Protein chains: 2
Amino acid sequence: MARTTRPTLTHVAASAGVSVSTASLAFSGAGPVSERTRQRVLDAAAELGYAGPDPMARSLRQGRTGIIGVVFAERLRHAFRDPVAIALLDGLAEELGPVGPGLLVLTGNDERAGPSTEQLAAAPLDAAVFATCDLEEEPLVEPLRVREIPMVGIEGPRMPGVSLVDIDNIGASREVTEHILSLGHKRIAAVVLPWRPGRQRGFLDRARRDLSGSVVFADRLRGTEEAIGASVHAWEAAASTVEEGRAAGRALLDVDEPPTAIVAHSDLLAAGVIQAAHELGLRVPEDLSVAGFDGIDTPWLDPLTLTTAVQPMVEKGRIAGRMVTDLLAGRTPEDVLLPVHLRVGGTTAPPR
Amino acid sequence: MARTTRPTLTHVAASAGVSVSTASLAFSGAGPVSERTRQRVLDAAAELGYAGPDPMARSLRQGRTGIIGVVFAERLRHAFRDPVAIALLDGLAEELGPVGPGLLVLTGNDERAGPSTEQLAAAPLDAAVFATCDLEEEPLVEPLRVREIPMVGIEGPRMPGVSLVDIDNIGASREVTEHILSLGHKRIAAVVLPWRPGRQRGFLDRARRDLSGSVVFADRLRGTEEAIGASVHAWEAAASTVEEGRAAGRALLDVDEPPTAIVAHSDLLAAGVIQAAHELGLRVPEDLSVAGFDGIDTPWLDPLTLTTAVQPMVEKGRIAGRMVTDLLAGRTPEDVLLPVHLRVGGTTAPPR
DNA sequence: TTGAAAGCGCTAACAG
DNA sequence: CTGTTAGCGCTTTCAA
């Protein structure tokens, strides 16, 4: 007898001559079912073309979907252009992958905004990870907090109800700058990360500094200035990309008395600076020392190895994943601060 | 009176002194509700800390979640390292973003496998897009087909029940190779894409060619060989990355009589080949012509512009998104074949 | 414009 | 080991 609607567990149970609850157990394996019964149920299912319990019904019943949201406060194309974000996702997927259906990527559609409140409210999440956690995300946090969805932030500001995976941005940035100083550099400039909200490129002035915004931006800048002991001549990039780094490099280097060292607050920016230097006929590290931050793969710089602060990118994701697991299990994980270590490469040397 | 459990629509309705159905309408706006009533409901909700209708319950009732799955037949870190995949995702997000909660990324955890059947079966999807659609995915298709979930494939083989967004791989690859030939090159080699399943690097021999596998691999190779009119000396890369391209370049160039032109079947591979050439002291394009495929940004090649076949990466995603919309609306979209155009850059020139 | 009632498909007590 | 029963929280007829 043909049925036009999709078969349900009820149909399968009827066809196998058992009750729905027994059929349910046969699928979930969460109870005692004789092998014979179990097989009868599975056979009936196969025959009817039943694909297994409906995820939505199961979710409603169990009160969870197994879906973990990953929130980016920007458009997907921007978020995913950053190797650091990809590494984070990879670590997350590694840790959470076997558990549930997968990661729900929540991004905005505008250039700089994240997902809308409605979008967040409509997402069937068990937990959320803020991959780009800046102050402007406060409005993103609220709708999830109301729904009592466990949240994990990455390198964000400390917010009540949001577990945090942080790295030592200040210390690492200080260490990198100290390395530059120890080489004897005096004229040092910095290329800083986008100062959200309101990404724009240009020299960093008092007004921009005074805006509250990205914690990561502020911490890395602070590290650099703590090392120098004064405010640093800095260019603010509109994004962490090679292109932006190149623009920064041109702006900082194509002047009368260019710096002998540039501290970039991401490896992509550093790579762009190196490119700009080459275009201007400067050799790295002979004429210009360049340091980065992150420790991403930069095979195209070969044979140069970037001097940089290596942060545990994938590990951040793994730990965030473990925090999610803990939170879902009712445990309250401690905030984590991961170490970052200086890797001295071939892009820094004493000034001539 | 404190309540330990989260408030539901029933509580809100009771508190507002209306029926649940009215309260529901007040939230969805899908029916006639007086402004006064509506406001009362919203006020009650705010007071109780009700965050809006529960997504799971709503999904079960409506029979859809709004979630679109994006399936990758590999581990996340590999999938997301490819700018082509990112562009596709971006196009998808752009098209589908405003509609539902977001994109559910389904990847495997092993090096080369996609999500498990269980994972696919447990995912509350309205539709799925196969971002990496090779033959080996057949097992991925099946569980979704049984659940009657609409599917869209990208550059995959034509499969029943899977709408297809394709690009003219053969034609474009042929065109690129013809360009090389027209410059007068005789010794031409190719770097081909990973021949899944069983990625490995090495010279492409008869045995590898005869394996059935990636359609994209086969089509691009076919285009190249159609232009040449013979089989081409080729190196198979284990992935579409700069590093793999570099390894390929070394293998192909570090020999007695190296080719004067190399056709790489992706831009990342081409970039790696160029790097290898430079390392071997060869100038591009004077000593070696290199062509790619895809048309991604390669700012680090600057001032060189890659000769390549420019494919509409973001557009593929947008169109896939539109197909999903169509399928969900009960329409049956036509398969699409998008054009690819040759962009002659500075990496190809006549042989000396 | 509002309310009553049915039920989406499943799982988890509980009883046998 | 298996069956009965009661909802999960919501939307959607249908009737008032």
Side-chain angles (χ1 to χ4, degrees), chain A residues 3-42 44-45 48-66 121-126 146-149, chain B residues 3 5-41 44-45 48-66 121-126 146-149:
Chain A
R3 206 191 32 264
T4 130
T5 123
R6 314 231 48 252
T8 71
L9 196 54
T10 311
H11 298 125
V12 175
S15 165
V18 298
S19 71
V20 267
S21 58
T22 301
S24 174
L25 292 178
F27 276 102
S28 68
V33 182
S34 75
E35 188 47 46
R36 203 170 137 276
T37 310
R38 177 191 166 71
Q39 203 44 252
R40 249 210 339 268
V41 172
L42 296 180
L48 293 175
Y50 177 72
D54 181 281
M56 303 182 225
R58 180 202 281 260
S59 296
L60 176 58
R61 184 58 237 241
Q62 302 191 136
R64 57 194 152 76
T65 57
L125 309 177
D126 284 0
V146 176
R147 283 172 58 203
E148 289 174 17
I149 292 183
Chain B
R3 208 191 28 265
T5 125
R6 316 230 45 255
T8 71
L9 197 53
T10 310
H11 298 125
V12 175
S15 165
V18 300
S19 70
V20 265
S21 53
T22 301
S24 173
L25 293 178
F27 275 102
S28 68
V33 182
S34 76
E35 188 48 46
R36 204 171 135 278
T37 309
R38 175 192 169 70
Q39 202 45 250
R40 245 205 348 261
V41 172
L48 293 175
Y50 178 72
D54 180 282
M56 302 182 223
R58 180 203 282 259
S59 295
L60 176 58
R61 183 59 237 242
Q62 301 190 138
R64 57 195 152 74
T65 57
L125 308 177
D126 284 0
V146 175
R147 282 172 60 202
E148 288 174 17
I149 292 183

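No experiment lies behind these values; they were computed from the predicted model shown. Hydrogens, waters and symmetry mates are skipped; everything else that's a heavy atom, side chains included, is used. Chain identifiers are assigned alphabetically (A, B, ...) following the order of the sequence lines, protein sequences preceding nucleic acid strands; residue numbering begins at 1 within each chain.
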Distances for protein N/O vs nucleotides 6-8 of chain D N/O pairs under 3.5 angstrom?
from: D/dG7; atom 1: N2; to: A/Arg61; atom 2: NH1; distance (Å): 3.1

| Contact summary for B/Asp54 and B/Ala57, nearest pair of heavy atoms | OD1-N, 3.0 Å
| message | Tell me whether B/Arg147 contacts the main-chain N or O of A/Gly52 through its side chain, where contact means a donor paired with an acceptor under 3.5 Å. | response | no
| Rounded to 10 degrees, the angle between the two terminal axes of the helix from C/dT1-D/dA16 to C/dG16-D/dC1, each from five pairs | 30°
| Quick one: are A/Pro53 and A/Arg61 in side-chain contact, heavy atoms under 4.5 Å? | no
| request: Applying side-chain contact (heavy atoms from CB on, under 4.5 Å) between A/Val12 and each of A/Leu48, A/Leu42, A/Val18, A/Val20, report the one that passes. | output: A/Leu48
| task | Measure across A/Val146 and B/Tyr50 and return the closest heavy-atom pair with its distance rounded to 0.1 Å. | result | CG1-C, 4.5 Å
| query | Can you check the B/Met56 CE to D/dC10 P distance for me, whole Å? | reply | 11 Å
| Can you name the nearest heavy-atom pair linking B/Met56 to A/Gly63, along with the distance? | CE-O, 3.5 Å
| query | Given atom CZ of B/Arg6 and atom P of D/dG9, what is their separation to the nearest angstrom? | reply | 10 Å
| query | Checking all strands, does A/Pro32 fall into the base, sugar-phosphate, or nothing category for heavy-atom contacts under 4.0 angstrom? | reply | base
| query | Contact class for A/Phe27 vs. all strands (heavy atom < 4.0 Å): base, sugar-phosphate, or nothing? | reply | nothing
| If only side-chain N and O atoms of A/Thr37 are considered, is one of them under 4.0 Å from the OP1 or OP2 phosphate oxygen of D/dT2? | yes
| message | Quick check: on DNA chain C, is the nucleotide nearest A/Pro55 upstream (toward 5') of the one nearest B/Arg38, or the reverse? Name the residue that is more 5'. | response | B/Arg38
| message | For B/Ala16 versus B/Ala44, what's the shortest heavy-atom pair and its separation? | response | CB-CB, 3.8 Å
| Has A/Ser34 got a side-chain N or O lying under 4.0 Å from the OP1 or OP2 atom of D/dT2? | yes
| said: Side chains of B/Arg38 and B/Val41, heavy atoms from C-beta outward: is any pair under 4.5 Å? | reply: no
| query | For the residue pair B/Leu9 and B/Ala23, what are the closest heavy atoms and their distance? | reply | CD1-CB, 3.8 Å
| field | Inter-residue atom distance A/Arg40.CZ - A/Glu35.CD, 0.5 Å rounding | value | 12.0 Å
| Heavy-atom pair with the smallest gap, counting every atom of B/Pro55 and A/Ala123 | CG-O, 3.8 Å
| field | Positional range of nucleotides in DNA chain C within the contact set of chain A, heavy-atom, under 4.0 Å | value | C/dG9 to C/dA12
